Undergrad: 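Below is the structure I would like to discuss, written out as structure tokens.
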Amino acid sequence: MINITFPDGAIREYEQGITGFDIAASISKSLSKKAVAVTLNGEMQDLAEPINADANIALVLRDDTAALELIRHDAAHVMAEAVQELFPNTQVTIGPVIENGFYYDFARDEPFHADDLQKIEARMRQIIGRDAKFEKEVWTRDQAKQYFAAKGEDYKVELVDAIPEDEDVKIYKQGEWLDLCRGPHLPSTGKIGNNFKLMKLAGAYWRGNSDNAMLQRIYGTAWASEKQLKQYLFMLEEAEKRDHRKLGAEMNLFHFQSEAPGSVFWHPKGWSLFSSLIGYMRRKQTAGGYLEVNTPDMLDKGLWEQSGHWEKYGENMFTTTTPDERVFALKPMNCPGHVQIFKNGLRSYKELPIRLGEFGKVHRYEPSGALHGLMRVRSFTQDDAHVFCTNEQVTEEVIKTNELILSIYKDFGFTDIRVKFSDRPEKRIGSDEVWDKSEAALKNAITKAGVDWELNEGEGAFYGPKLEYVLRDAIGRDWQCGTLQVDLNLPERFGAFYIDKDGEKKTPVMLHRAMFGSLERFVGILIEHHAGAFPLWLAPQQVVVCPIVSDMDDYAIEVRDALLAAGISAEVDLRNEKINYKVREHSLQKIPAIFVVGGREKENGTVAIRRFGSKAQTILPLAEAVTSIVLEARAPDEV
RNA sequence: GCCGCAGUGGCUCAGUGGUAGAGCACACCCUUGGUAAGGGUGAGGUCGAGAGUUCGAUUCUCUCCUGCGGCACCA
């Protein structure tokens, strides 16, 4: 007999080899119907798996969050079966659960088409209707390899080979179909339910490696209930409405065109936003002890060879050859330029730390398929800075920078921040000893700063380890923005030094950091975060004044001028249109405030204010209205 | 870069092997209307680029460019 402990602490005795299903049945019939799996000492397993020793168990019911993973995983299996039934010459590869759903990668000579998805989905519903049991078998390695080889499933053979020697080769059958799988699964396909949808087709490399074959991936979403599925689909629609590319065009902020792929044409309103960000950041940096500089966009190839960029970053660089045959590269980073400023003249330890900031526009030849609106471009502006300091100052500078970064995100309403620590990449410069030092220094500093971080192995910059600040927007999407890197390599390569107390030359440590990261991307994030409805301080156009009839035009202009004089960006809409029309149009443009002026307002020297997102009208004397807008339009650092 | 899909007036989209249409936007006229689309008239397109098939291509084929969804890469 074995002792089974339940979540409420109750202990019951059962015969050895009893299954989760039997245990559920021993408690109640309804429980045995609802249960889909069991966690044994915290690990989920099949309901049908025998339990052979004392254990803590908890039954997993179909509506539990934990069951969602099984629903999605099983949906992937069913999709694979459906695909093989419909398209016999298709190999199956892997099909994991992902956030919100699942996918399965297939190898097939013919491409799938969008309308195949409906067919596959219909077949999946049939398979689910058959309600076949998921049955686990343990095979020998050879048996599995022979089976899959005979079926022409080359990828599965490779997967069997990759299973560690001490692990069983598990097979799950669902009716006639079977797959190599670690499990666990639901009791039967019927438990998956019908709340799933195939979403899209995509190419994906086998094992995520671009040297490997391109497979065909089908993505699906699956949920426990219809309500959840609908909610998810609704959320996707909402996200689409916020798409910065769509809003950017509608709100006349910027555009792209094919002659400059990946480079932005900023329109007046978009540039106003962009400039507000720079103005804000300039104030924050000045307050933080930074000095602003500006360095050349194009520098001789030789300098990039010296920095190591030519070798390690060359494939991302734009170059140009002048009529006199010199080769220049457009800067992909600002650091080499900043080192030149540091080096220009003798530096004393008394000057350190020196913090040089630049709103530098960098150019990077990004793979064509990576381009994506403002989020991924080929030329972008960084709020880049380099802090030159002594070894002893690293910790304090990292802590300061970290504080500054977090306070900035907070000003923009981002409080859900994750920090990733990326250590040495394969493609790098400098010795392992130097890397040991710089990684330790950065780790030590952020630990002191009290930052929780997760390791991002091998993702550092080629010259040093880095922190990446990932922020989560209003609808739960993550964006990488800030970065903070410790660099012991470039200063040495460039022969930068300062004279220390003892009169000796010392090589400074260089911290690279950006807070917005890319201004372009940050604007994109803000557009999506606010769904285009910017807070007053950022809104490119803050107020529009609309006269109701043309007799009020002169007063409307007076109101507009009062706003302009107070530093508010305001326009007046004198068009021969009804007030309804004007309100609609300016609301679609998400202008934060519409000042409506008619006969009553003109007579009383007031304005009727309608704020974006509300139908309410507030009547205020003009001077008061201007003051309240001015107060609200202050940047967060000026409040 | 790789896989798949797409590219028609400023925007959203319809359509055809015999050189194109709608709505919105735009211009002009009428209308002066209190908080999400008043009415009329008009102008606007070498149907992404190049080549091929054809008597004839925006439509079919190929190549390229750009975009979209992923993958890979990354701020």
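Order of the sequence lines sets the chain letters (A, B, ...), proteins ahead of strands, with each chain counted from 1. Because the structure is a prediction, the values reported are computed rather than measured.
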Undergrad: Please give the nucleotide sitting opposite B/rC26 as a Watson-Crick or G-U wobble pair, both distances under 3.5 Å, or none.
TA: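 Its partner is B/rG42 (Watson-Crick or G-U wobble, both distances under 3.5 Å).
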
Undergrad: Near RNA chain B, counting only heavy atoms under 4.0 Å, which residues of residues 586-598 of chain A show up?
TA: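 Those residues are A/S587, A/L588, A/V596, A/G598.
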
Undergrad: Taking the six-membered ring for Trp, are A/H529 and A/F412 ring centroids under 6.0 Å apart?
TA: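 Not under 6.0 Å, so no.
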
Undergrad: Does a salt bridge link A/E237 with A/K241, judged by any charged N lying under 4.0 Å from a carboxylate O?
TA: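 Salt bridge: no.
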
Undergrad: When you check the side-chain N and O atoms of A/Y469 and A/N402, is any donor under 3.5 Å from an acceptor?
TA: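 The criterion, which ignores hydrogens and geometry beyond distance, is satisfied for A/N402 and A/Y469.
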
Undergrad: Determine, for nucleotides 69-75 of chain B in 5'-to-3' order, which nucleotides have protein heavy atoms under 4.0 Å from the base (write B), from only the sugar-phosphate (write S), or from neither (write -).
TA: BBBBBBB

Undergrad: Please tell me which of A/I579 and A/R584 maps to the more 5' nucleotide of RNA chain B, matching each residue to the nucleotide holding its nearest heavy atom.
TA: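 Its nucleotide being nearer the 5' end, the pick is A/I579.
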
Undergrad: Would you please classify the geometry between the A/W453 ring and the A/F421 ring as parallel, tilted or perpendicular, with 30° and 60° separating the classes?
TA: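 Because their plane-to-plane angle lies in the 30° to 60° range, the rings of A/F421 and A/W453 count as tilted.
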
Undergrad: In whole Å, measure the gap between the P atoms of B/rA25 and B/rC11 for me.
TA: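 Here B/rA25 and B/rC11 have their P atoms 15 Å from each other.
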
Undergrad: Can you name the residues that form a salt bridge (Lys or Arg N to Asp or Glu O under 4.0 Å) with A/R282, not counting sequence neighbours?
TA: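 A/E292.
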
Undergrad: Rounding to a whole Å, what distance do you find between A/M199:CE and B/rG4:P?
TA: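 The distance from CE of A/M199 to P of B/rG4 comes to 22 Å, rounded to the nearest Å.
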
Undergrad: Is the positively charged end of A/K200 above the ring of A/Y219, judged by distance under 6.0 angstrom from the centroid and angle within 45° of the axis?
TA: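 So A/K200 does make the cation-pi contact.
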
Undergrad: By the 4.0 Å heavy-atom rule, please label A/A608 as base, sugar-phosphate, or nothing.
TA: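 Base: the residue A/A608, judged by heavy atoms under 4.0 Å, touches a nucleobase.
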
Undergrad: Applying the Watson-Crick and G-U wobble criteria at under 3.5 Å, what pairs with B/rU16? Answer none if nothing qualifies.
TA: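 Pair assignment: B/rU16 / none.
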
Undergrad: Rounded to the Å, how far apart are A/R575 CZ and B/rA27 C1'?
TA: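 Rounded to whole Å, this separation is 14 Å.
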
Undergrad: Would you call the rings of A/H77 and A/Y104 parallel, tilted or perpendicular if under 30° counts as parallel and over 60° as perpendicular?
TA: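 The rings of A/H77 and A/Y104 stand perpendicular, inter-plane angle above 60°.
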
Undergrad: Tell me which residues in residues 253-272 of chain A lie within less than 4.0 Å of RNA chain B, going by non-hydrogen atoms.
TA: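 A/S258, A/P261 - these, ordered by number, are the residues of the stretch whose heavy atoms sit under 4.0 Å from the strand.
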
Undergrad: List in numerical order all residues of residues 542-560 of chain A for which some heavy atom is under 4.0 Å away from an atom belonging to RNA chain B.
TA: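 Here the set is A/I548, A/V549, A/S550.
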
Undergrad: Check for a donor-acceptor pair, side chain of A/E601 on one end and backbone N or O of A/G598 on the other, with a separation under 3.5 Å.
TA: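 Such a contact is found between A/E601 side chain and A/G598 backbone.
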
Undergrad: Protein-nucleotides 7-12 of chain B N/O pairs closer than 3.5 Å?
TA:
none

Undergrad: Looking only at atom P, what distance separates B/rA36 and B/rG42, rounded to whole Å?
TA: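 My reading of the P atoms in B/rA36 and B/rG42 gives 32 Å.
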
Undergrad: Would you say the rings of A/F274 and A/F254 are close, in the sense that their centroids are separated by under 6.0 Å?
TA: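 Centroid separation for A/F254 and A/F274: 6.0 Å or greater.
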
Undergrad: Can you tell me how far P of B/rA37 sits from NZ of A/K582, to the nearest Å?
TA: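 Going from NZ in A/K582 over to P in B/rA37 covers 15 Å.
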
Undergrad: Got a salt bridge between A/D423 and A/K466, using NZ or NE/NH1/NH2 to carboxylate O under 4.0 Å?
TA: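 Looking at A/D423 and A/K466, the cut-off is not met.
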
Undergrad: When you compare B/rU19 with B/rC13, how far apart are their P atoms, in angstrom units rounded to a whole number?
TA: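 Result for the P pair: 27 Å, nearest Å.
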
Undergrad: Is the closest side-chain heavy-atom distance between A/R472 and A/V470 below 4.5 Å?
TA: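 No, their side chains stay 4.5 Å or more apart.
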
Undergrad: Tell me if the centroids of the rings in A/Y232 and A/F234 come within less than 6.0 Å of each other.
TA: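 No: the rings miss the under 6.0 Å criterion.
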
Undergrad: Nearest nucleotide by nearest heavy atom, which residue falls closer to the 5' end of RNA chain B, A/Q216 or A/N580?
TA: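 In this pair, the answer is A/Q216.
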
Undergrad: Which whole-number value in Å describes the distance from A/K615 NZ to B/rG34 C1'?
TA: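 Atom NZ in A/K615 sits about 15 Å away from atom C1' in B/rG34.
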
Undergrad: What's the CD-P distance between A/E601 and B/rU32, to the nearest Å?
TA: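 Value for this atom pair: 20 Å.
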
Undergrad: Using Watson-Crick or G-U wobble geometry with both distances under 3.5 Å, which nucleotide pairs with B/rU58?
TA: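 Looking at the geometry, B/rU58 pairs with no nucleotide.
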
Undergrad: Under a 3.5 Å cut-off for both distances, is B/rG67 Watson-Crick or wobble paired, and to whom?
TA: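 When the pairing criteria are applied, B/rC5 turns out to be the nucleotide that pairs with B/rG67.
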
Undergrad: Can you measure A/K246 atom NZ to B/rC68 atom P for me and round it to whole angstrom units?
TA: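 Nearest whole value for this atom pair: 14 Å.
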
